[in-house]
Amino acid sequence: MLNTKDSWKSKIIFFFLINICFTLLFMSSPLYDFSVYIGDSGIYQSIAREMLNGKILYKEAFDHKGPFIFFIYIIPLLFKNVNMGTFILDVILYNSIFYLHYKTLRLKRSELFTWLVLLIEMFFLYKFHVNLCPESFVLLTLSYMNYWILSKQYLNPTKLQLLICGVLTGLVFWIKFSLGVPIAIIYFYVIYNIFKNKLPGKINYFIYPLLGFMIPTAAVLGYFIYHGAVSDLIYSYFIVNTRYSNPSSDFNFDVLIYYLIGLVLMLVGMLIYNFIKKNKEYTFLCITYLILIIPVFIMTKSVFAYYFIPFLCIAALPGSIEVRIDFNKYFKIAFLTFLSLLLILELISMGIDINNVSSSFKSLDKFGEDVGSVESVSTFYFAGNPILANLDSTNYKYSIFTNLTIEQYPEMWQEIYDDVNNKEIEYIIFRHKDIENFDMKDFNRELFFDNFNINLFFQNCEATKQFILDINDEVIENYDFFNSYGGYVVLKRK
């Protein structure tokens, strides 16, 4: 085994470089002028803000993700600068993940090899558009369990280690329960080996993980019992997600490339190690991830790059392979030069991309300045929903309503139709394709889909498109043009 007691100087340099990369990668970074969050992060933060304003999760502010992701997103809202609060959480989370990968890789690999692997991970994070997403917390949990197993600490764990496993498993269960399968498989593997080797303290493997699991569980159940919303929790988180799929999304070819690369790397790694020395823990983990990565394609009808964030833990598995390769100082200098150039390129590319996205969404800040506060507002037609940063509250249950078609959830769409018909929503926001030539006639049935951007998941769902046109008939009758902001049209009820 290599000497893994790296000098403090080496560790400081390593994590300094890692955090430079984080500063370039995270959309919440202070490098970027991003006053709103978009996409899934925008949804989580928007729902969290509604909760801070007294709305009850799922009952009065709907989304189908697990409750704990919204609990976590409340934390940045407590900061004066919300983006800085988000950035701090991003950095803490991914420093923890990369520290675990660093420890795992340094079990038997050189420091240079460790740097190289983590640099490759940075490339993947860049493509995944990483942020505080559910998959990131699964990655943290799997990274912890990988290190726990490959270092063989699972054969003689402390009570604290078992408790941490339980807490992390509980977080994953209450953030995105469908991602808990690899964690359950790994835990059953640990239990099997404990009984097989007749090790003492078997009861601890059940008591302390269960106690840890109950910590986030108690927080979740306490919240919903207190608010009388347990049935809303069961329906919105468990029942809705058993029906959830994306029937209209095309396959993302870029993601296929990532999948093939990861698959090949795993297979090559397993083959190389079989030529060197048997390691049952390493083989078990490789086979587990190899089996589980395939259902991501088979069981879902659309694939997003961030689905693969949990599988980044695979990169640290070679830490259990002892291969000695000596690199001279010139190679190290070349490597560090390459890293520096990479950072410069990422700074340029990320800065341009993120600030371009920022400017397109910041136009809605003016809406918040104009109205001050609203009785209710919704953006339920289009994807990439922005937070309306200057509004204290949207005051509407389905203010953000993405990827859920009428074929799957007719009762929700009926609620929206009734609310538009009864003018329960004060403002409705649309994204127009050619705002300079906007006319209220664009809402007519034969013109709507030519003039407005709607959620991509609705475009091949004929029943949903038909129902949107039915809603638009009520929009035309009950709403007037209020103003336009950038590419957005805002209507106000008559």
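Nothing fancy with the numbering, it's 1 onward along the sequence.
When side chains are defined from C-beta on, Ile468 counts as touching Phe448, because their heavy atoms get closer than 4.5 Å. Counting heavy atoms from C-beta on, the side chains of Leu118 and Leu105 come closer than 4.5 Å. Using a 4.5 Å heavy-atom cutoff, the side chains of Tyr144 and Gln161 are in contact. Counting heavy atoms from C-beta outward, Pro209 and Thr169 have side chains that stay 4.5 Å or more apart. Between Tyr147 and Leu107, some side-chain heavy-atom pair lies under the 4.5 Å cut-off. Side-chain contact check for Lys176 versus Val138: every heavy-atom pair is 4.5 Å or farther apart. Side-chain contact between Tyr479 and Ile425 is present, with heavy atoms from C-beta onward closer than 4.5 Å. Contact annotation: the side chain of Leu142 approaches that of Pro182 to within less than 4.5 Å [non-hydrogen atoms, C-beta and beyond].
For the ring-ring contact (aromatic ring centres under 6.0 Å, His included) test, residues two or more places apart in sequence or in another chain that qualify with Phe98 are Phe22. Under the ring-ring contact (aromatic ring centres under 6.0 Å, His included) criterion, Tyr417 pairs with Phe467, not counting sequence neighbours. By the side-chain hydrogen bond (donor to acceptor under 3.5 Å, both in side chains) test, Thr217 pairs with Trp174, sequence neighbours left out. Looking at residues two or more places apart in sequence or on another chain, you find a side-chain contact (heavy atoms from CB on, under 4.5 Å) between Phe195 and Ile191, Lys202, Phe206. Residues passing the ring-ring contact (aromatic ring centres under 6.0 Å, His included) test with Phe449: none are found, sequence neighbours excluded. Under the side-chain hydrogen bond (donor to acceptor under 3.5 Å, both in side chains) criterion, Glu426 pairs with no residue at all, not counting sequence neighbours. For Phe284, the ring-ring contact (aromatic ring centres under 6.0 Å, His included) criterion is met by Tyr189, not counting sequence neighbours. Residues that satisfy the side-chain contact (heavy atoms from CB on, under 4.5 Å) test with Ile203, not counting sequence neighbours, are Ile207.
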*Apply side chain to side chain contact (heavy atoms under 4.5 Å, CB included) to the pair Lys55 and Asn395, showing each step before the final yes or no.*
CA-CA 8 Å; Lys55 298 295 187 295; Asn395 291 319; 2.9 Å; yes

*Could you go step by step and tell me if Ile428 and Val377 meet the side chain to side chain contact (heavy atoms under 4.5 Å, CB included) rule?*
CA-CA 6 Å; Ile428 303 178; Val377 61; over 6 Å; no

*Walk me through it: do Asn472 and Val475 pass the test side chain to side chain contact (heavy atoms under 4.5 Å, CB included)?*
CA-CA 5 Å; Asn472 282 349; Val475 168; 4.1 Å; yes

_Under the criterion side chain to side chain donor-acceptor pair (under 3.5 Å), I'd like the reasoning laid out for Tyr94 against Asn19: C-alpha separation, chi angles, the key distance, then a yes or no._
CA-CA 9 Å; Tyr94 272 89; Asn19 281 282; over 6 Å; no

*Give the intermediate values and the outcome of side chain to side chain contact (heavy atoms under 4.5 Å, CB included) for residues Trp413 and Thr464.*
CA-CA 9 Å; Trp413 279 94; Thr464 301; 4.0 Å; yes

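The six-membered or imidazole ring of Phe70 lies away from that of Tyr73, with a centre-to-centre distance of 6.0 Å or more. For Phe68 and Phe137, the gap between ring centers reaches or exceeds 6.0 Å. For Tyr427 and Phe367, the ring centers sit closer than 6.0 Å to each other. For Phe173 and Phe213, the distance between ring centers is under 6.0 angstrom.
Closest heavy-atom contact between Val420 and Asn478: O-ND2, 3.4 Å. For the pair Ile175 and Pro134, the tightest heavy-atom approach, listed with the atom from each and the gap, is CG2-CB, 3.4 Å. The minimum heavy-atom distance between Val240 and Met412, with the atom names listed, is CG2-CE, 3.6 Å. Of all heavy-atom pairs between Leu171 and Pro216, the closest is N-CG, 3.8 Å. The minimum heavy-atom distance linking Ser378 with Tyr398 is given by the pair OG-O, 3.1 Å. Heavy atoms only, all atoms of each residue included: His101 and Leu312 are closest at CE1-O, 3.7 Å.
Aromatic ring pairs are classed by plane angle as parallel below 30°, tilted from 30° to 60° and perpendicular above 60°; the pair Tyr102 and Tyr99 is parallel. Ring orientation note: the planes of Phe452 and Phe443 are tilted relative to one another, at an angle of 30° to 60°.
Sorted by first then second residue, the salt bridge (charged side-chain N to carboxylate O under 4.0 Å, His left out) pairs that include residues 405-421, not counting sequence neighbours, are Arg243-Glu411. Judged as a salt bridge (charged side-chain N to carboxylate O under 4.0 Å, His left out), not a single pair has a partner in residues 216-229 (not counting sequence neighbours). Each salt bridge (charged side-chain N to carboxylate O under 4.0 Å, His left out) pair with one or both residues in residues 138-166, not counting sequence neighbours, appears once here: Lys152-Glu281.
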Would you give me the side-chain donor-acceptor pairs under 3.5 Å for residues 222-233, sequence neighbours excluded?
unit_1: Tyr223; atom_1: OH; unit_2: Leu57; atom_2: N; d: 3.0

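Annotation: the span from Thr104 atom OG1 to Leu317 atom CG amounts to 8.5 Å, rounded to 0.5 Å. The structure places CE of Met145 at 11.5 Å from OH of Tyr154, a figure rounded to the nearest 0.5 Å. Going from atom CG of Leu77 over to atom CE of Met51 covers 10.5 Å, rounded to the nearest 0.5 Å. Rounding to the nearest 0.5 angstrom, the gap separating the CD1 atom in Ile92 from the CD1 atom in Ile97 is 12.0 Å. Put simply, SG on Cys165 and CD1 on Ile186 are 9.5 Å apart, with the number rounded to the nearest 0.5 Å. The NZ atom of Lys103 lies 13.5 Å from the CG atom of Leu150; values are rounded to the nearest 0.5 Å.
Side-chain atoms of Asp63 and Tyr58 include no donor-acceptor pair closer than 3.5 Å.
A side-chain donor-acceptor contact under 3.5 Å links Glu60 to the backbone of Ile56. Side-chain atoms of Glu474 do not come within 3.5 Å of backbone N or O of Ile471 as any donor-acceptor pair. Of the possible donor and acceptor atoms, none in the side chain of Tyr485 sits under 3.5 Å from a partner among the backbone N and O of Val490.
Other residues, nucleotides and ligands contribute at most 12 non-hydrogen atoms within 6.0 Å of the NZ atom of Lys196.
Between Glu477 and Arg493, no side-chain nitrogen of the basic residue sits less than 4.0 Å from a carboxylate oxygen of the acidic one, so the salt-bridge criterion is not met.
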